[in-house]
Amino acid sequence: MLLQMEGITKRYGSLIANDRVDFSLQEGEVHALVGENGAGKSTLMRILYGEEQPSEGRIIVGGRERVFATPSDAIAAGIGMVHQHFMLFPSFTVAENIVIGREPKAGVKFDRKAAAEHVKTLSEKFGMPVDPWAKVADCPVGVQQRIEILKVLNQGAKIIILDEPTGALTPLEVEWLLKAIKRLAKQGISFILISHKLNEVLGSADRITVLRDGKVIGSVKASDTDAAALSRMMVGRELAKFERKPVVPGEAILTVDNVTVLGDRGTKPLLDRVSLTVRAGEIVGIAGVSGNGQSELLQVVSGLRRVHSGKVTLGGKDVTGLSAGEFRRAGLAHIPEDRYLWGSAKEESVADNAIMGHLASLSKGGILRKRLIREKVARWIDAFRVKTGSLETKAKHLSGGNMQKLIVAREMAHGTPFVIAAEPTRGVDIGAMETIHEALLKRRDEGGAILLVSSELSEILKLSDRILVLYEGRVAGELSAGDATEEKISFLMAGGSGNETH
Amino acid sequence: MKRINWTAYAQSLAAPLLAVGVGLLVGAIAIWAVGGSVGTTYAEMWKGAFGSFYFTASTLTRATPIILTALGVSLAFRAGFFNLGAEGQMVFGALAAALAALYVPGPGPVKMLAAVAAGMLAGGLWSLLAGWLDTRFRMNLLITTLLLNYIAVYTAGYLVAFPLKEKGGTGGAQTAMLDNSAWLPKLFAGTTLHAGFIVAIAAAVLLALFLTFTTKGYEIRMLGSNPLFAAYGGVKRGQLMLVSMLLSGALAGLAGTFEVLGTQYRYIDNMLTSPGYAWSGIMATLLAGSNPIGSVLAAILLAALQTGGMGVERNTEVPLEISSVIQSSLILFVSARITFSFIKRRKARAANGNAA
Amino acid sequence: GGNNANKPDDAAKSGGNTATAEGPKKRVALVTPEKIGVNQFFTQMVEGLEKAGSEFNLETKVIESTDPTQVEQNLRAAVAEKYDLIITAAFSAADALKKVAAENPNQSFAIIDTVVDAPNVRSIEFREHEAAYLLGAAAGLSTKTGKVGAVVAMDVPLLSKYTSGFEQGLKSVKPDATLLINYVGSFTDPAKAKELALLQHSKGADFIAGFSAVGDSGVFEAAKEKGFYTSGQDTDRTVEDPEHVVLSQLKETDTVTYETAKDFAQGNFTFGSVSYGLKENGVGLTFVTADSPSPLSPFIGQENVDKLKKIRDDILSGAIVVKNPLAP
Amino acid sequence: MGTLLDWSLLSATLWKVAPLLLAALAGALCARVGIFNVALEGMMLIGAFTAILGNDLFGNVALAVLFACFCVGLVSLLFAYLTIGLQANAIVVGMAINFLANGLTAFLLYAIFGVKGQYRDSTMSGLPQWHIPVIQDIPVVGELLSGHTPLVYLAFVLVAVLQFVLFRTVIGFRLLAVGENPAAAKSLGLKIRGYQYGAVVFGGVLCGLAGAQLSLGQVTLFTENMTAGRGFIALVATMLGQSNPLGVMASSLLFGFLDTVSTRLQGSSIPTHFTMMFPYVMTIVVMLFFKDKTYLRQSGRLDGK
Ligand SMILES: Nc1ncnc2c1ncn2[C@@H]1O[C@H](COP(=O)(O)OP(=O)(O)OP(=O)(O)O)[C@@H](O)[C@H]1O
Ligand SMILES: Nc1ncnc2c1ncn2[C@@H]1O[C@H](COP(=O)(O)OP(=O)(O)OP(=O)(O)O)[C@@H](O)[C@H]1O
Ligand SMILES: [Mg+2]
Ligand SMILES: [Mg+2]
């Protein structure tokens, strides 16, 4: 056994994040760790990586008991971790990011050329192509992930922890990553993989351990189980089934007409004459490899970015060039792409985070109605089962999945005719995912118009009535729910021309 | 209903107290080093600040401009804008107030109101200029506010040294004295404490209420906390920034105004810069983590250290310079909140011990 | 504070005096509107007061204020401490004194270097422009290049007494002389003062007067480095480097403080305004109105000193009237 | 205008820029590890004082400069301990240190030399002026480049050294990493605190040099508050130069140049107060043309780090 964690317990005050957890890993094994939001997965891994100290329990690596006081200790013992939020230096080059800590030297000088060459050999050895001289800020998320893994490999890691590595990746990138993991496992590298996506886990892991409320519920071989059994173990109950009722779309709620957005440096347009319509009672899904204009489109239809030409109407009103506030008044709710960048203020309370955009209904004469706020927010939190200490808890103390639920609750509470749902279930567990999907479909059934952007093709396929694919800032094709398959979408996403071009 | 967490409460109080203790200890070493009596020196310091009704009033008088600038700065800080321009805003506010009080015709109260309006407007506009340079030209607010201070101080210096100088005075660079009727009333006869103090306290309470209970206050807090979140929620950054910079400057301007109407009764070159009110105000805000009520307390602490220092100067052999050494070491250690991190470390060490 | 006259040794001395004196000692306090140090003026006042204290058996006390806003509080504290005479100085203390004096009509006050019009205040003014006139004339008489410089602390009305007097004197003896004036912008920046002096020297000035408070030391250094001539302020600064610092414009604040305290001790104290100029020996110029331990520089020369003495006499007699730029 | 721009103007710019530049480099170094150091003014003042004190103690300028560096290094260690070790707000601590420096130097001036206001010993020799053999004879260049104190040359050499260290060496690379993303640096096991302490203390040493150049190079004396705001200008130069050694040098030279021009404008009909604000006004004008990509924008945040 390469690694054994025995009886790990971690307490935060009265909260027990890990409760006598046993966990093991063999050489060349891919061991997946699954569980609901807040089950204690990240905590366990932070303990292994020396970022946290266990309250009880011991860690044995290669037959020897170890104490990891800092990440450096863990790195020295051959353990590497790829955090969910990448730990990269955006303004540095790829090579610099990979070799940092083990830089090749020429005297006192940092030999950047040698670093680039080293990275090149490394990337060839592990079959993970990167451009050593590119700036990390300019790399797509999938490549950034690759850089993280290469960095860890370069540190000589034999055990690599991946905390929700696929959350922000496109399907192609995910597929590529999972293949790479398998290949590396054959080369003798062991992986611990945290994920909420059971199909990924089932497809790539050798063994799966399920955590619930900090305890190990069970550890099974991937070949001996299936998604249904796993989710039962995770959630501890059967998931509700839902159905998508047929709805006849009504009038157009959002129209985007021939919109162009130019790049900052006057380079090629980020959005190039994009047109689309979302009608009452339909969910329009936008698919595309990230960096092809989804973010810009989202910003345009939420009033956060100016268009250079073209027109946007919302609820029959021309909102082109208006502010985000005006968009919201015209009937917009918006689940943002990045919950921390746009969707929340980490240092503020849960209540303050929950009322953004609701001020008009929660105030009177410019004064906030505190009691009403407490009642309302408490109701939203209940409805989406957001786990939080209190309404005064700072938002940063919520686990990522719970933050996401809070945002969805806030935006759905607007009851607006138009909803943008960008990556609505990123990082949430399957139970919460069902709740969110149900809420979106319910809104659609009630006549809401929903623009769904997701890098998760299964989500797009499951929810959308129509699907548009963005490629290089243009609408590369449109598919109806009936016709759409993963293959067709993937083909369009890769730049192939569709059969129903716009 | 709510159980009060006494230990946490005691800890939050213990932290600043211990910091004060360490600061006093360092000061004691300095006093001892020059052969002064530590006990007497601190007793005189206390007496100088709060030893009599008169001295307490003097301390509060000195705290008044510090409170008002601190409030102004904390408003800008809360909105996420690092306004280091309080000094210039204060100077222009004071100058404008003096001119209004001198030249606006009419009875005293009219002059006074005109002065307050002019002072707040001048301070606000000067601050707004920096805000505008940021929104319009993306100029770093930190740099512009610092630079605008110099410009304001020199401009005001020129105006009172030449065109606006008191006619036939003693030669000081100062305006003529205001008419008695425009003076702010004193709160207690025979002390220096004027009505401005009440306004400052009221402003602190209002600002605290404004920030927690109003929609605009909410927007300002969110803007400061995460500007993208605010933008996403429909808050207009540019507009709100200009408004908060305007208000921030107006409060600094008001601080200057009250110095003119309440203590000096004219504008004198350097009357605001040499006591360093603006920097004390910024310090008070930072010590209090931009909390309006906390800023009031911090401002009074800073003022008390200064007036207390004068008490030491008057009544002991300890040289004046030592009192600034004591003051700065107090500020240093209060800012570091020694206990807090000390406790945190002990916990971390205990946790490590467990692990080993 | 630290400048208190009652240091142990002083106390011992005055204690000795007490034995011979009758009745309780009179107590005199000096409240300065700023910290003592940068402005030579206050240091000299302290010296004068301490001298009077030990000679006339006075209990003296110096109270420094960190900034002018503290003056009022310190004056009141001094009143409360029942000092018999409270001396303060400079225009920045005037407003506060006016207030406190009006509230305490039975308390005696004196203020130096400005006028406060109150029945219980003695005001002592200086006519620095008269001495500056002499200095300017000296510069005009001695310059070889016809270019003379002045490095001034700040462009404020108070200092125009110096610059204007200097210019009047310069032009009176050499109407075609060029006067270069530069302002340091601070009372405490010798580096900048030196830079300005070097600049004026590079433009041809061979005599550069320092009017920049602490900055004067920078001017002196420049003079020493480049070999031009300069002058100091308030006390006889020629002693520091007689070769280059060839003159010093005197302002006898120590004497004035001493005399104020002396009058008070001897019961000759009167209220009202007194003005000290050349005539009263309140201001002057080394070699011309007062002797100096330093050798006279050949740059000035005895001949010029004699001429200057003549000018002084003309000022005393009223034949020459030096305009006070601050006079209404 | 003919007399406004001449070669002595550039030469004057060069030497008076040295303290500013040294302090601004210190500021840049601190900014690079994410600490906004407003204590430059106070540290420079302590440097100026201890340089004079050291010269008085040892009678040797080289030792005096080292002594100044050592003393300011100690003060910056205190700054570092409070802000990094105890996580205090860097701006508050910085301002308190400025305040402390003022009081402490004035107090020590009185306690050690028994004087108030200023200390000057005309027998004390300051830093030597180096006349560089061949160069000093070249007409214009000689006046410009020769005859400065060693610290003036050192300041400019340090620009090159820091530029090299930051952008060419391993240690510089890691230091930049710490500043760019402390969390990531920490997860790599880099000792961020070590780098932060190192940068702040080395910055302190630079401020010691800046102070020494002021009190032993520019003049040979100490006066209370003799830095007269130079530390704050250095702070602006740091920000304007985007914390890049070369950029910091450019902005410091710009300041020096504008200041020299403002001095020359004094003779004209423009009131002195306005000539004195000229450098500040011009800086704002210059900022119009250099759009703010500022690396230090985050230092505008409340926590001061
Ligand atoms: N530093 C901490 N202090 C207090 N509580 C903590 C801390 N870190 C984690 N927790 C709590 O421990 C529990 C487990 O958190 P953890 O991040 O391990 O969950 P997770 O399984 O990774 O969840 P997710 O699926 O959302 O990533 C949560 O309730 C979390 O709030
Ligand atoms: N001081 C704290 N108190 C309570 N919980 C904390 C604290 N600090 C961190 N946490 C929790 O620790 C966990 C650390 O978050 P991390 O950055 O690993 O994201 P995560 O758990 O992977 O989030 P996600 O739900 O997106 O997977 C979160 O669950 C967070 O709520
Ligand atoms: Mg997690
Ligand atoms: Mg997670």
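These numbers come from a predicted model, not from an experiment. Letters go in sequence order (proteins before strands), and every chain restarts at 1.
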Identify which part of Ser323(A) has an atom lying under 4.5 Å from any heavy atom of chain B, answering side chain, backbone, both or neither. side chain
What's the verdict on side-chain contact (heavy atoms from CB on, under 4.5 Å) for Phe229(B) and Asn353(A), showing C-alpha distance, side-chain angles and the deciding distance? CA-CA 9 Å; Phe229(B) 177 51; Asn353(A) 273 278; 3.9 Å; yes
Below 4.5 Å from any heavy atom of chain A, which atoms of Phe213(B) appear? Answer side chain, backbone, both or neither. both
Quick check for you: among Gly366(A), Ser363(A), Ala324(A), Gly357(A), which has the greatest number of heavy-atom pairs under 4.5 Å with chain B? Gly366(A)
Heavy-atom pairs under 4.5 Å with chain B are the metric here; pick the option from Arg58(A), Arg410(A), Glu347(A) that has the most. Arg410(A)
Please rank Leu332(A), Leu362(A), Ile47(A), Ile355(A) by heavy-atom pairs under 4.5 Å with chain B and give me the top one. Ile355(A)
Distance col, row Trp342(A):CH2 vs Asn226(B):CG, nearest 0.5 angstrom, shows 9.0 Å
Can you tell me how far apart NZ (Lys370(A)) and OG1 (Thr212(B)) are? Round to the nearest 0.5 Å. 6.0 Å
Distance-minimising heavy-atom pair for Ala230(B) and Met356(A): CA-CE, 3.8 Å
Most heavy-atom pairs under 4.5 angstrom with chain B, which of Leu341(A), Leu304(A), Asp352(A)? Asp352(A)
Kindly indicate whether a cation-pi arrangement holds for Arg328(A) with Tyr232(B), taking the cut-offs as under 6.0 Å to the six-membered ring centre and within 45° of the axis. yes
Could you have a look at Arg221(B), Glu219(B), Lys216(B) and say which one has the most heavy-atom pairs with chain A under 4.5 angstrom? Arg221(B)
Do we see a donor-acceptor contact under 3.5 Å between the side chains of Glu348(A) and Ser225(B)? yes
Rounded to the nearest 0.5 Å, how far does CD1 of Ile367(A) lie from OG1 of Thr215(B)? 7.5 Å
